Student: 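Pasting a structure below so you can have a look.
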Amino acid sequence: MPYELYYWPMLQGRGEFVRLALEEAGAAYVDVAREAETDGLGLPALTRILENLDEPRPAFAPPFLRDGDVVVGQTAAILLYLSPRLGLAGAAEGERIWTHQIQLTIADMVAEAHDTHHPIAAGLAYEAQTTEAARRAAHFRADRIPEFLAWFEHVLTRNDGTHLVGDRLSYADLSLFQLIDGLRYAFPKAMAARLPDHPRVAALHATVAVRPRIAAYLASPRRIPFNEQGIFRRYAALDG
């Protein structure tokens, strides 16, 4: 049976980290909320699960993944679950946990990127918090982007220079690709200034982009374009 991925159909968001792993592995999956409602799928299928009070292990929010009787929520947990099944993490426990740790660090930066445009409340429109967003984004550009990039560069350097973990591609490499892609969309000027200082990170991003299955996915309609509904949003005022 194919995996069932549940995520909002109009944006990449946190679901994209899972999509990239599934696409790289060539795994069969259904992006449920993007399918036809006439087939019992679509957005109503997602909301039915979220609103089902009888669900024994409910997800707080998408993304969540169904694999037979197993339902897993939270991006990092989904990738931890999928990685041995998709061959995207090492076999040793130490490697698996280290990969998971890197993924959680990526998730930290994703949250900080989101909070540049929603620093007060996620339920408020960006236009209702532009002053606070400008202050948050200035700090993010000046301090947090270089701090995170330096850490990823250090991890790559201490490893083999081309992978974050071990000597082959892991889901952490795919997720770092997505993080850099999103930051380049949201903060094109800041990333143009900062990324050259971290050549191994830039090289990993370029290498992942041309992997055959990833390149095919990026060129396909399955890859939702970045937009101003997702985590990574391009507002000129926030890019300095």
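Remember, predicted model here, so these are calculated numbers, not experimental data. Just so it is clear, the values below take in all heavy atoms, side chains as well, and ignore hydrogens, waters and symmetry mates.
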Student: Following the transitive rule for hydrophobic clusters with a side-chain heavy-atom cut-off under 4.5 Å over Ile, Leu, Val, Met, Phe, Trp and Tyr, establish whether Val32 and Phe60 coincide in one cluster.
Tutor: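 They do not share one cluster, since no chain of ILVMFWY contacts under 4.5 Å joins Val32 to Phe60.
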Student: Is the number of heavy atoms from other residues, nucleotides or ligands under 6.0 Å of Arg135 CZ greater than 12?
Tutor: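 Check fails, neighbour count at 12 or below.
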Student: Treating Ile, Leu, Val, Met, Phe, Trp and Tyr as nodes and any side-chain heavy-atom pair under 4.5 angstrom as an edge, say whether Tyr81 and Phe17 lie in one connected cluster.
Tutor: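 The answer is yes; both residues are in one hydrophobic cluster.
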Student: What heavy-atom pair brings Pro196 and Met191 nearest, and what distance separates the two atoms?
Tutor: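 Distance-wise, the nearest heavy atoms are CD-O, 3.8 Å.
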Student: Any side-chain heavy atom of Leu50 sitting closer than 4.5 Å to one from Tyr6?
Tutor: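 When only atoms from C-beta onward are counted, Tyr6 and Leu50 do not touch, as no gap falls below 4.5 Å.
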Student: If every non-hydrogen atom of Met10 is compared with every non-hydrogen atom of Asn227, which pair is closest and at what distance?
Tutor: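 Taking every non-hydrogen atom into account, O-ND2, 3.1 Å.
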Student: What's the separation between atom CD in Gln12 and atom CD1 in Ile224, rounded to the nearest 0.5 Å?
Tutor: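 Spacing of CD (Gln12) from CD1 (Ile224) equals 6.5 Å.
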Student: Can you check whether Leu204 reaches Asp173 side chain to side chain, under 4.5 Å on heavy atoms?
Tutor: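 Side-chain contact under 4.5 Å: yes.
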Student: With a 3.5 Å distance limit and no angle check, can you tell me whether Arg233 reaches the backbone of Gly230 through a side-chain donor-acceptor pair?
Tutor: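 Indeed, once roles are kept as given, a pair shorter than 3.5 Å links the two residues.
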Student: Measuring from Leu79:CG to Thr99:OG1, what's the distance to the nearest 0.5 Å?
Tutor: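 Between Leu79 CG and Thr99 OG1, I get 10.5 Å after rounding to 0.5 Å.
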Student: Does the side chain of Thr162 come under 3.5 Å of the side chain of Arg200 through a donor N or O and an acceptor N or O?
Tutor: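 No pair is found: no donor N or O on one side chain lies under 3.5 Å from an acceptor on the other.
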Student: Does the side chain of Tyr126 pick up a donor-acceptor pair with the side chain of Glu228 at under 3.5 Å?
Tutor: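 The answer is no; no qualifying pair exists.
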Student: State whether the side chain of His198 and the backbone N or O of Arg194 hold a donor-acceptor pair below 3.5 Å, judged by distance alone.
Tutor: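 Checked: pair present.
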Student: By the definition side chain to side chain contact (heavy atoms under 4.5 Å, CB included), identify the one residue from Leu80, Val165, Leu86 that meets it with Tyr171.
Tutor: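 Exactly one candidate clears the test, Leu80.
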Student: Grouping I, L, V, M, F, W and Y whenever their side-chain heavy atoms are under 4.5 Å apart, do Trp8 and Leu65 come out in a common cluster?
Tutor: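 They do not share one cluster, since no chain of ILVMFWY contacts under 4.5 Å joins Trp8 to Leu65.
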Student: Could you tell me if the side chain of Asp181 sits less than 4.5 Å from the side chain of Phe226, heavy atoms only?
Tutor: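 A side-chain contact under 4.5 Å exists here.
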Student: Which heavy atom in Ala172 sits nearest to a heavy atom in Ile102, and how many Å separate them?
Tutor: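 Residues Ala172 and Ile102, closest heavy atoms: CB-CG2, 4.0 Å.
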Student: Are Ile106 and Leu149 in one and the same hydrophobic cluster, where Ile, Leu, Val, Met, Phe, Trp and Tyr link if side-chain heavy atoms are under 4.5 Å apart?
Tutor: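 Yes.
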Student: Checking His163 against Asn159: is there a side-chain donor and acceptor pair closer than 3.5 Å?
Tutor: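 Short answer, no.
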Student: Does Arg234 make a cation-pi contact with Tyr185, if we ask for NZ or CZ under 6.0 Å from the ring centre and within 45° of the axis?
Tutor: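 The answer is yes; both the distance and angle limits are met.
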Student: Using 30° and 60° as the class boundaries, would you call the ring planes of His114 and His117 parallel, tilted or perpendicular?
Tutor: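 The rings of His114 and His117 stand perpendicular, inter-plane angle above 60°.
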Student: Are Ile49 and Thr47 close enough, and set up right, to give a side chain to side chain contact (heavy atoms under 4.5 Å, CB included), and what steps lead you there?
Tutor: CA-CA 5 Å; Ile49 294 178; Thr47 55; over 6 Å; no
Student: Only one of Leu82, Ile78, Asp31 passes side chain to side chain contact (heavy atoms under 4.5 Å, CB included) with Leu22; say which it is.
Tutor: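 Exactly one pass, corresponding to Leu82.
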Student: Taking side chain as C-beta onward, heavy atoms only, is Ser175 less than 4.5 Å from Leu20?
Tutor: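 SC-SC contact between Ser175 and Leu20 ruled out.
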Student: Take Leu238 and Arg136 through the side chain to side chain contact (heavy atoms under 4.5 Å, CB included) test and state the conclusion after the steps.
Tutor: CA-CA 9 Å; Leu238 302 187; Arg136 183 66 175 263; over 6 Å; no
Student: Sub-3.5 Å donor-acceptor pair from the side chain of Gln178 to the main-chain atoms of Leu174, do we have one?
Tutor: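 No.
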Student: For the atom pair CZ (Arg223) and CD (Glu23), what is the distance rounded to the nearest 0.5 Å?
Tutor: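 Arg223 atom CZ to Glu23 atom CD measures 10.0 Å (nearest 0.5 Å).
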Student: I'd like to know if Arg213 and Glu24 make a salt bridge, using a cut-off of under 4.0 Å between side-chain N and carboxylate O.
Tutor: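 So Arg213 does not pair with Glu24 through a salt bridge.
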Student: What are the two closest non-hydrogen atoms of Phe232 and Leu183, and how far apart are they?
Tutor: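 Shortest heavy-atom separation between Phe232 and Leu183 comes out as CD2-N, 3.9 Å.
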Student: Give the intermediate values and the outcome of side chain to side chain contact (heavy atoms under 4.5 Å, CB included) for residues Val18 and Tyr3.
Tutor: CA-CA 11 Å; Val18 182; Tyr3 296 107; over 6 Å; no
Student: For the residue pair Pro2 and Val30, what are the closest heavy atoms and their distance?
Tutor: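 Closest approach of Pro2 to Val30, heavy atoms only: CG-CG2, 4.0 Å.
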Student: Measure the CE-CD distance between Met109 and Glu147 for me, rounded to the nearest 0.5 Å.
Tutor: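 Met109 atom CE to Glu147 atom CD measures 9.5 Å (nearest 0.5 Å).
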Student: Hydrophobic clustering (ILVMFWY, side-chain heavy atoms < 4.5 Å, transitive) - are Leu11 and Leu218 grouped together?
Tutor: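 Looking at the clustering, Leu11 is in a separate group from Leu218.
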Student: Over 60° means perpendicular and under 30° means parallel, so classify the ring planes of Phe140 and Phe187, tilted if in between.
Tutor: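 Ring orientation of Phe187 relative to Phe140: tilted.
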Student: Supply the atom-to-atom distance Glu16 CD to Leu179 CG, rounded to the nearest 0.5 angstrom.
Tutor: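 Between atom CD of Glu16 and atom CG of Leu179 there are 13.0 Å.
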Student: For residues His205 and Arg184, determine if any side-chain heavy atom of one lies less than 4.5 Å from a side-chain heavy atom of the other.
Tutor: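 In short, these two side chains touch, coming nearer than 4.5 Å.
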Student: Would you call Asp160 and Arg168 a salt bridge, taking side-chain N to carboxylate O under 4.0 Å as the test?
Tutor: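 Judged by the 4.0 Å cut-off on N to carboxylate O distance, Asp160 and Arg168 do not form a salt bridge.
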Student: Which value, rounded to the nearest 0.5 Å, describes the distance between Leu43 atom CG and Glu35 atom CD?
Tutor: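 It is 13.0 Å, given to the nearest 0.5 Å.
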Student: How close do Leu124 and Gln129 get, counting heavy atoms only, and between which atoms?
Tutor: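 Result for this residue pair: O-NE2, 3.1 Å.
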Student: Determine yes or no for a side-chain-to-main-chain donor-acceptor pair under 3.5 angstrom, with Arg66 supplying the side chain and Leu5 the backbone.
Tutor: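 Here the side-chain-to-backbone pair does not exist.
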Student: Do Val71 and Arg57 pass the side chain to side chain contact (heavy atoms under 4.5 Å, CB included) test, and can you show the C-alpha distance, the side-chain angles, and the key distance before you say yes or no?
Tutor: CA-CA 8 Å; Val71 178; Arg57 295 173 180 171; over 6 Å; no
Student: Under 6.0 Å between the ring centres of Tyr7 and Phe64?
Tutor: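 Centroid separation for Tyr7 and Phe64: 6.0 Å or greater.
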